[in-house]
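Step one of this worksheet: look at the structure below.
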Amino acid sequence: MNLAPLFAPRSLAVIGVSAANDRHPANVIFAKNLLRYPVATYAVNSKGGFIDGEKVFPSVSAIPDTIDLAVIAVRAEFVPGVLQQCMAAKVKSAVVISGGFAEAGREDLQDNLVNMAREGSFPFIGPNCLGIYSPGVVDTFFLPAERMVHPLPGDVAVVSQSGGMLVDLLVKFAGEGVGVSSAVSIGNKALIGEEQLLDFLDADPRTRVIAFYIEGFARNEGRDFVRRAARCSKPVIVFKAGRTNEGGRAVSSHTASLAGDYRVFSSVLAQHGIIEAKNELELVSCCEALSCYPETVIEGRVGIISGSGGHGAIAVDACISGGLMVPRLGEEARQSLRNILSENIRGIASVANPVDLTGSAVENDFISAVEFFCTIPDIDTILLLLLPYLPAISSDLGARLSKVYRRHGKPLIAYVPHIEKYRMFTEGFELNRVPVASSIESAVHMTRTLRRCRPC
Amino acid sequence: MLTDEMVDILNRSRKSGWLVEPEAKRLCTLAGLPVPRFVWAGDLSESLRAAGVIGYPLVAKIVSPAIIHKSEVEGVAVGLADERQLTVFFEKMSSLPGFAGLLLEEKAAGIELIAGAKIDAQFGLIIVLGIGGTAVEIYHDVAIRMAPLTEKDVHAMLHELRGERLLTGYRGKEAVDREKLVRFLVDFAALMTDMAPFIESVDLNPLLCSAEGCVIADARIMLGETFAATGETE
């Protein structure tokens, strides 16, 4: 099955627009794509007529254009008929927004859709979902454009079983400056689930990192998914809901009680080199770090640079408790580093790792220290804890440091307090593909993430 | 591949839904997994005769399809020293529900581990290895993997255990033969792969491990619902 038309349609039919109810999901989807996206957008309703001055076609076959993607938002019992019409009209794919299928006890109706689609080799997402948001391309979410928070176009693909969680994740991605290639709400995942999307996204040139929000798998579906993910050429991150819902069932064996659903889930992910995020923020920070360094795998020997002793000490604690190492620099290395620092801090900086350049450091000292760590074989990642309020540094620092990374290839992760006032500092890193965390702990978590791909 | 004899054992336990210990151990023996020398004795005279062959002190356990948790009914006697003690134990056990004789076996020694298998709804057959014994549910010190397992997987599982040091010769104790343990678990996982269509879960607890190797001191095999009810495998 060819999923490409779902993600990059040239033409879109929105089936089920309402003349009477302008808040109808189909109306919202029709309006936002018509007004905001470079996709030829057509409204469909069997009654025909006009909506906001645009012609409504009585059926998808009446549209004088070939349709790449149909959004189906009619009542559940009418969906099979509409799907049939789409297939007859040579539509290439569909998103079924409508609910009222397996989630409401109508497995029969859902199986009916799946059988038709399989027979006609017709890909559809859903039912009971928001569908696909692809920045700058198409958006089938039935949420008014002005209500949504839109992350930048980027290279992280997000697939979610829950539409609501997906929208929430997009808010967080936008807040952390993480760009998205596509976001897919798969709802009941009747025909297309995580595994099929993994196939597509693995081959998708716009995607470098693939993230999943998963509530649960059907029988043995998890097995196929982790095996596919283990073969994926791109980092795969999973955030699992329902981690604590294990109690209540009587189990007759120790094994069954020890190997509760979540424990198994988590272990099996690790076994297959899939990164597990324990919450939304971890998911976002994993995505940010891995989209900058999708191929780098580190052992976790961290060099820490800061303008304050306290920041360095806290970062060391977080590194050690997270299983990372902070190798101390030898006497010779310390002397070399001291020699390249500016004269006014040469006597007061602490250069053992963590390196504390002090509040008197100038911008070039930070550059020098990062350059220096790039030459130390004992260090494989650099953590920079930036204090944007120091008098002698500028918002150019991020851009300048990103060039150091590009010259040496040793991953750099920065911490900058995330408030509006320091946005130019943050963007200096992010827009030049250096990940920036909003807390020291999160910066350390990003570093740990780069140790991934070591299946255990 | 399971032999006909192994499938027979599974089939004749369908009614109760699980294999009593001597049946589970027979099945393990047929698969080449080490168990202590044991006899399943139906009555007292048979028990006394078998004990004479195995030799005192020995371990005696109740066999009853109605009793899954033997220690909860004081149905396990470790270190019975003579005929008198065995007779007393037999008399006591014979009044318990479903009594089907005693399992008599030589006493094995080693560090208590647990090896287990479970059919997980999302991931299929998974294998568990951990620090075992009766406190297993307190410490929850286990590593979990999706089957099949390679030797490398088992080494990683052992490394994941907080109690790994117990196996490496802690406080002057002799270290466990790690290679034999690894081999055991790979064989166990292979057997479980063959048995997966029949089972719901399997506990080998304790699995006793020492410098000499591993011995299954207790085994519990719970049959899958479909197999137990219909005799059909999925």
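Below, chain A is the first sequence line, B the second, and so on; all start at residue 1.
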Interface residue of largest heavy-atom contact number with chain A, from B:A117, B:G130, B:G132, B:A143, under 4.5 Å: B:A117

State the CG-CD distance between A:L258 and B:E137, to the nearest 0.5 angstrom. 5.5 Å

B:R178, CZ atom: more than 12 neighbouring heavy atoms under 6.0 Å: yes

Value rounded to 0.5 Å, distance of CZ in B:F123 from NE2 in A:H272: 9.0 Å

Around atom CD of B:E74, are there more than 12 heavy atoms from other residues, nucleotides or ligands closer than 6.0 Å? no

For B:E151, does the CD atom sit with more than 12 other heavy atoms under 6.0 Å from it, leaving out its own atoms? yes

Under a 4.5 Å heavy-atom cut-off, does chain A meet the side chain of B:I144, its backbone, both or neither? both

Show the atom names and distances, to 0.1 Å, of all donor-acceptor pairs under 3.5 Å that link a side chain in residues 16-23 of chain B to residues at least two apart or in another chain.
residue, atom, partner, partner atom, Å
B:S16, OG, B:S13, O, 3.4
B:S16, OG, B:W18, O, 3.0
B:W18, NE1, B:P65, O, 3.0
B:E21, OE1, B:K61, NZ, 3.4
B:E21, OE1, B:K70, NZ, 2.9
B:E21, OE2, B:K25, NZ, 2.6
B:E21, OE2, B:K61, NZ, 2.6
B:E23, OE1, B:R12, NH2, 3.1
B:E23, OE1, B:R26, NH1, 3.2
B:E23, OE2, B:R12, NE, 2.6
B:E23, OE2, B:R12, NH2, 3.4

Non-hydrogen atoms of A:V264 and B:K118 that approach each other most closely: CG2-NZ, 4.4 Å

In terms of heavy-atom contacts, A:R223 and B:A147 come closest through NH2-O, 2.5 Å

How close do A:A259 and B:I126 get, heavy atom to heavy atom, and via which atoms? CB-CD1, 3.7 Å

Heavy-atom distances under 4.5 Å only: say whether B:N205 touches chain A with side chain, backbone, both or neither. side chain

What residues form a ring pair (Phe, Tyr, Trp, His ring centres under 6.0 Å) with B:F198, not counting sequence neighbours? B:F227

In Å, rounded to the nearest 0.5 Å, how long is the span from NE2 of B:H69 to NE2 of A:H254? 7.0 Å

Under 3.5 Å, is there a donor-acceptor pair between the side chain of A:N220 and the main chain of B:G124? yes

If I measure from the heavy atoms of chain B, does A:F265 come under 4.5 Å with its side chain, its backbone, both, or neither? both

Is B:V136 in contact with chain A via its backbone, its side chain, both, or neither, using a 4.5 Å heavy-atom distance? both

For B:F188, what residues pass the ring pair (Phe, Tyr, Trp, His ring centres under 6.0 Å) criterion, not counting sequence neighbours? none

Under a 4.5 Å heavy-atom criterion, the part of residues 94-116 of chain B in contact with chain A comprises B:I114, B:G116

Determine whether B:M146 and A:Q271 make a side-chain contact, defined as any pair of heavy atoms from C-beta on separated by less than 4.5 Å. yes

To the nearest 0.5 Å, atom CD of B:E160 lies from atom OG of A:S267 at 6.0 Å

Mind ranking B:I127, B:D120, B:V128 by heavy-atom pairs under 4.5 Å with chain A and telling me who comes out on top? B:D120

From A:T255 atom OG1 to B:E200 atom CD, the distance as rounded to the nearest 0.5 Å: 10.5 Å

